[in-house]
Amino acid sequence: MEASITSVVTGDRSVLERSPAARLPDRVLQWGLSGLAAAILVLIVYFFIRLIGQSHTVFSHYGLSFVFGNDWDVNRNIYHGAAMLVGTLITSAIALVIGVPIAVATAVFINELTPRRLRGPLSILVDLLAAVPSVVYGLWGVFVLAPKLLPAEKWFASTFSFIPWIGGGTPTLYNYFLAGLILAIMILPIVSAISREVIATVPSEHKEAALALGATRWEMIRMAVLPYARPGITGGAMLGLGRAIGETIAVVLVIGASPVIGNHLFAQGNTYAAVIASEFGEAQGVHISALFGAGLVLFVLTLIVNIIARWFVSRGAHGTRGTGATGMTIAPAAER
Amino acid sequence: MRQRRIAALTAAVVASLIVAACGSSSSSSSSSGSAGASNSSSSTSSSSSSSSGGSGTVNGAGSTLAAPIYQQWGSVLKGQGLTVNYNAVGSGAGQTQLEAATVDFAGSDPALKASDKAKMKGPVLQFPVAFGGITVSYNLSGVKSGLKLDGPTVGKIFSGQIKTWNDPAIKALNPGASLPSTSITVVHRSDSSGTTQGFTTWLSDTDPAWKSSVGEGKDVKWPTGTGGKGNSGVAAVVKQTSGAIGYVEQAYALENGFTYAAIKDSAGAYVLPTIPNTSAAANGIAVPADLGVSTINSSASGAYPIVSQTFLDAYKDPCKSGGANSGTAAALKKFLTYAFGAGQQTLGAGGNQLPYAPLPAALVSKDQAQLATMTCNGSPIS
């Protein structure tokens, strides 16, 4: 035995030491993965520089009024995109306001109230929402939701006409609310999936302690589950917000493409992603630059959202016990 | 362990579905599509005799309006060994691709301007290919096709000054019709479009107030109304909304059985957007040397006023300017020979024809004469 090994491993190395060749995969792995990771960074930086370069014309022409001026008239070469900025923010906000509570409720229901046997199938069904192409959501909005929703919107607007901005106007077929509602459905699976994972990490002692102190099930969820999971849920909501801000084709179909800011909830508007998608094909000259500028603002907006999300998640991790969103902390096993 | 593997598999499947869903929706399509193979029987007799250019590939890009035409022609020519790839990226993008010589021809709805030609790598030939009417379609219960409208009235409707269907201005044009007091919902395109260009050009031509307030273009700032994406988007809103009015391509309106208005022409007669009336728009119009005809508000009698045209742009010498080899040049010539020959017969009002208006004979012969001047490195293309 000994002889055969020494005959293979030559030189004065110990028999326990492995040949340098055996360590090669490690180094290849390290350099390969570092290279791939660096490529992503390079790509993002390249995008950023390229967007700045392409949109230079429009920013030097219009300055900040490109972002905050309220008039988009391609025909007269006026590119003041406040309608898109406001539309992007409004539709995303509506999506969060409607989508997040439903997503969290779904997650709580699946984790705490559903019989164990049904959890898997239910989670898969919710996750399947993510597999529906966004254009299908958009077309469903155009052909099914929009005409059915319009009478309800009209009733709502006239009944609650005393609430500024929400009531009082005349709803159009396509509007902020419709786009926000469709976005809410689209962000539901991602927010729900993350919330589900986070809620699953809540230690059973916490829940059992709450129940032992006489809490009802709702009180247990409110006092033990949700506070523990909050940072993770917030992180999930921010990811959903990122999706809502960047969603393109579904919004294009149901936003109505208004060149100025709509003056109530049921008025039509526009978003950055939508305006790029619908106008890029035929754009020329300054118009192209303006659309690149829209892309740049969208990029920065998404960046800000991501930074805020990270900040929320990390703050939560320091503040409470679990890290929630990442699910790295392993909750101590409950004594059974 | 096994369960985890299944979960991972499910995740992978879901992820791949998401990736597929996020894939771009651009309608790049090679001509092999099933669209309208019905026509191939009628047109195989065309130019298959052309000897040397029997096979080859022609690449084009541009107008979405003309995409069904090129795709149908491509599927016919596929049977003759000629592959036509057409990428419907929009007229502007098509021109840019021809400038870069990454395609052999560009489909463009607007005629080339002098500034466009200057950017090209060499002299460019511009061929009118087909005409398409733009209907003013409406959804008004009890009112059939043929409501009479003129430019200034349509201009007032689309700028929001006329708000109900029983407005005196509409009544004055339609003395016999019983018009309801339904409020008008204006529907326009939300995306950049040659259809918008054609419609607003006509409005600017006939309504000075429109010209000064809104103007013409592929994207205009609509004073009122709802935006739908594409012809189908506009059509969906018109269908769903009582009292809606919108401009829809003829092909689309005819296929969907819409009710549309008869429009007042420059002689004062009211003309319906039928295919023959659309073709008539090119009768007796002035044809410039570069064939950059404009069929909006045509003075020909019996011509529908809102007619846009679509052009095919190619280099006069595809080998010298466009970097093509002699085989590609021959394939391009074969494609164009078909386009201004048997291809025109696939357009029209028949059941298995593409619902675009074919060129009148006079313009076809001008196209053919121009095609004969195409060369490859200075020598004629066989």
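Below, chains carry the letters A, B, ... as their sequence lines are ordered, and counting in each starts from 1. Here the structure is a predicted model, which is why all the values come from computation and not from measurement.
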Contact leader toward chain B among A:V136, A:T172, A:D71, where contacts are heavy-atom pairs under 4.5 Å: A:D71

Rounded to the nearest 0.5 Å, what's the gap from NZ on B:K229 to OH on A:Y174? Could you check? 12.0 Å

Candidate pair A:W72 and B:D219, rule side-chain contact (heavy atoms from CB on, under 4.5 Å), full reasoning: CA-CA 10 Å; A:W72 186 272; B:D219 293 285; over 6 Å; no

Please check if atom NZ in B:K117 has more than 12 non-hydrogen atoms from other residues, nucleotides or ligands closer than 6.0 Å. yes

Is a donor on one side and an acceptor on the other found under 3.5 Å between the side chain of A:R76 and the backbone of B:V214? yes

Would you mind checking which part of A:V260 comes under 4.5 Å of any heavy atom in chain B, side chain (CB onward), backbone (N, CA, C, O), both or neither? side chain

Most contact-rich option vs chain A, by heavy-atom pairs under 4.5 angstrom, among B:G62, B:S63, B:G225, is B:G225

For B:K211, look at atom NZ and say whether over 12 heavy atoms of other residues, nucleotides or ligands are found less than 6.0 Å away. no

Region of B:T241 that comes under 4.5 Å of a non-hydrogen atom in chain A: side chain

Against chain A, label B:Q95 side chain, backbone, both or neither, depending on which of its atoms sit under 4.5 Å from a heavy atom there. side chain

Any chance you could measure A:N75, atom CG, to B:Q197, atom CD, to the nearest 0.5 Å? 8.0 Å

Sort out for me which of B:S91, B:A236, B:G233, B:G230 touches chain A most, counting heavy-atom pairs under 4.5 Å. B:S91

Taken to the nearest 0.5 Å, the spacing of A:L150 CG from B:Q240 CD works out to 9.5 Å

Going from CD1 on A:I255 to OG on B:S190, what distance comes out if it is rounded to the nearest 0.5 angstrom? 10.5 Å

Using a cut-off of under 4.5 Å on heavy-atom pairs, state which of A:V252, A:L139, A:T248 scores highest against chain B. A:V252

Quick one: what part of A:E279 sits under 4.5 Å from any heavy atom of chain B, side chain, backbone, both or neither? both

Pair B:K218, A:V74 - check side-chain contact (heavy atoms from CB on, under 4.5 Å), show working. CA-CA 9 Å; B:K218 290 174 190 164; A:V74 176; over 6 Å; no

Nearest non-hydrogen partners of B:S192 and A:H287, listed with the distance: OG-CE1, 4.4 Å

